[in-house]
There are 2 protein chains.
Amino acid sequence: MHAFPKSSVTVDLIVFTITDNSLKVLLIKRGIEPFKNMWALPGGFVLEDESLEDAAKRELVEETGVKDIYLEQLYTFGEPGRDPRGRVITVAYFALINSQIQKIRASTDVSEAQWYSVNKIPKLAFDHKKILDYGLQRLRWKLEYTTVGFQLLPKTFTLSQLQNIYEIILHKQLDKRNFRKKLLSLDIVEESGEFTEGVSHRPAMLYKFKKRIGEIIEIL
Amino acid sequence: MHAFPKSSVTVDLIVFTITDNSLKVLLIKRGIEPFKNMWALPGGFVLEDESLEDAAKRELVEETGVKDIYLEQLYTFGEPGRDPRGRVITVAYFALINSQIQKIRASTDVSEAQWYSVNKIPKLAFDHKKILDYGLQRLRWKLEYTTVGFQLLPKTFTLSQLQNIYEIILHKQLDKRNFRKKLLSLDIVEESGEFTEGVSHRPAMLYKFKKRIGEIIEIL
DNA sequence: GCATCTTTGTGTATAAAGAACAATAAATAT
DNA sequence: ATATTTATTGTTCTTTATACACAAAGATGC
C-alpha cells in the first residue's frame, strides 16, 4: 500500500440566532494568519481522537459558551486551494441558539466575535461566504418542513413570537389565523398556563414545545 | 502555530440502480486488508490535487465505467476508530445510474463487484452499513420531494416505468390515474412521439424528461 | 374613570390539492 | 374471433390551504 495523501480537517460553524427582529450569524475576527483581521465563521481543527460532531461542539462552547443546542452537519467543502496553508477539508455544521443565551467570548486566535445580520455580512475569509449561503438555504428549507424553528426560542414563547421567526427567516408575511390553525392542528405545542407579563397591551399565552430539546420532526 | 493532526480522507459511493424490479446497490469485494474478502461500498482515497467530487467521479468511472450521471454528496463520517488503519474520514456520495448502463469492471484492490438488492445486503466492512442506510433514507426522501427518480431511467420511458420506480423504492402501490395526473400537471415530461415496440400488448407512449441530465427540481 | 392604544385571539367561506375508484382501447397470442 | 395483457382516461369525495375582520385584554394618558 502506497502512502496516501493526508489532509488537515477542520469544522466550521454557522451559528444562527434571532435578535432585534433580524436573523444573525456569529462571525469572528481572525487573530492569526491567514486572513488575519478578516471576518470568518468560527471553527477549528479536528483533534486526534475526537469525532467531527464533538469537534463542532467543542468549538461552539469555546466561541459562545453554550452547549446542548441544536447542531447538524451541513456539508463538506474540500476544494484543493480553498486554504492557503495547504489541503484543508472542512466539515460545516449549523447550529441554532435561542435569543436568551448569547454571551460571546473571544477565544485564542480570535480578536473579536460579533453577531452579524445575514443581510449585512462583511467580506469573509476562505470560502466562508459560500458555506454561509449554503447554511442559509438549509435553514430556510428546514424551517418550512420541520420544527427547527423552535430551537430559536426559549422554553416558553408566544405564538406571535414563533410566527415572527418564520416571517423573519422566510422574509414574508404570514396570516395570523392560518398560522395558528396549522400549528395547533399539528399537536406539537401546549399551553404553559403562564402569560406574558409587563407588556402594555393584552398579555399572550405562553406555550411550550411538546418535544424534547434538540428533537425536530418533519412537516410544518 | 502547532502541528495539527492530519487525516486520510476517502470518498465512498452508494451507487443505486434498478433492475429486475428491485433496487440494487453496487458492492465490491475487498481484495486487500483491512477487511480483505469482505463486501464494501466502492470508494478510495482522495488524491492530492483533486476535489472531493472529482474523487467521487473518478472512483465511479473506475468501478462502473460510467460518467455524467447523477451524483450528490451525502454525509461525512469521521468517528475515530471507524478504520483500523488510523484516522480516516470519509465523505459519502450517492449516485444513480439508469438501468441500461451497468457494466461493472473489477479494478485494482477489488476482487469482485456485484449488484446487491437492498434487502439482501451481506455484512459490510467498516461502518458501511450505516452509510448505506443513510443513503437509502436520503434516496427515499428525495424521490418523494424532487425529480431524482428520472435519473434511474433511460432517455425515454413510459409512465408505467416511472411509476414502477416509485413503487419499488417506496415499496408501496400507487394509483395509476392519480400518479399520471400529478405528474402531467407538473409539466416536466413531454411525449417523445415514439411508442414501445415488440411488446405483446398495447404499446405505451414514450416520454422524455424536459430538464437536462443531472438536473433535478423540487416537489413531486 | 374613561378614551385610546396596542397586541391577542378567534371562525367561516372558497379554492386547490389529494385520494378513491372502473371501464374502454390497443396490441399480441392462441 | 377470442383471450390476454397493459395503456389510457374522469368524476366524486375528502382534506388541506387561502383569504379575510372584529371583539377582548391590558397599559397609558388625560
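In the text below, chain A, chain B and the rest are named by the order of the sequence lines, each starting its count at 1.
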Atom pair distance, as rounded to whole Å: [atom1] in [X] and [atom2] in [N]:
{"X": "A:Gln163", "N": "C:dT7", "atom1": "CD", "atom2": "P", "value": "13 Å"}
{"X": "B:Leu162", "N": "D:dT8", "atom1": "CG", "atom2": "P", "value": "13 Å"}
{"X": "B:Asn21", "N": "D:dT6", "atom1": "CG", "atom2": "P", "value": "11 Å"}
{"X": "B:Lys182", "N": "C:dA16", "atom1": "NZ", "atom2": "C1'", "value": "12 Å"}
{"X": "B:Leu183", "N": "D:dA7", "atom1": "CG", "atom2": "C1'", "value": "15 Å"}
{"X": "A:Leu174", "N": "C:dT8", "atom1": "CG", "atom2": "C1'", "value": "17 Å"}
{"X": "A:Phe195", "N": "C:dT6", "atom1": "CZ", "atom2": "C1'", "value": "17 Å"}
{"X": "A:Phe179", "N": "D:dT16", "atom1": "CZ", "atom2": "P", "value": "18 Å"}

Mutual orientation of the aromatic rings belonging to A:Tyr134 and A:Tyr75 [parallel < 30°, tilted 30-60°, perpendicular > 60°]: tilted
Parallel, tilted or perpendicular: ring planes of A:Phe209 versus A:Phe150, cut at 30 and 60 degrees
parallel
Pair B:Phe179 + B:Tyr166: ring centers closer than 6.0 Å | yes
Original post:
Roughly how far apart are B:Glu167 CD and B:Lys176 NZ, rounded to 0.5 Å?
Top reply: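 Answer for the CD-NZ pair, B:Glu167 versus B:Lys176, is 10.0 Å.
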Less than 4.5 Å apart, side chain to side chain, heavy atoms only: is that true for B:Ile165 and B:Leu153?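 Touching, per the 4.5 Å side-chain cut-off.
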B:Thr158 near the nucleic acid: base, sugar-phosphate alone, or nothing, with a heavy-atom cut-off under 4.0 Å? nothing
Would you mind classifying the nucleic acid contact of A:Ser185 as base, sugar-phosphate or nothing, using non-hydrogen atoms under 4.0 angstrom?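 No contact.
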* Are side-chain N/O atoms of B:Asp20 and B:Ser22 paired as donor and acceptor at under 3.5 Å? -> no
Nucleotide by nucleotide, nucleotides 20-30 of chain C touches protein heavy atoms under 4.0 Å in the pattern (B base, S sugar-phosphate only, - none) BBB--BBBSS-
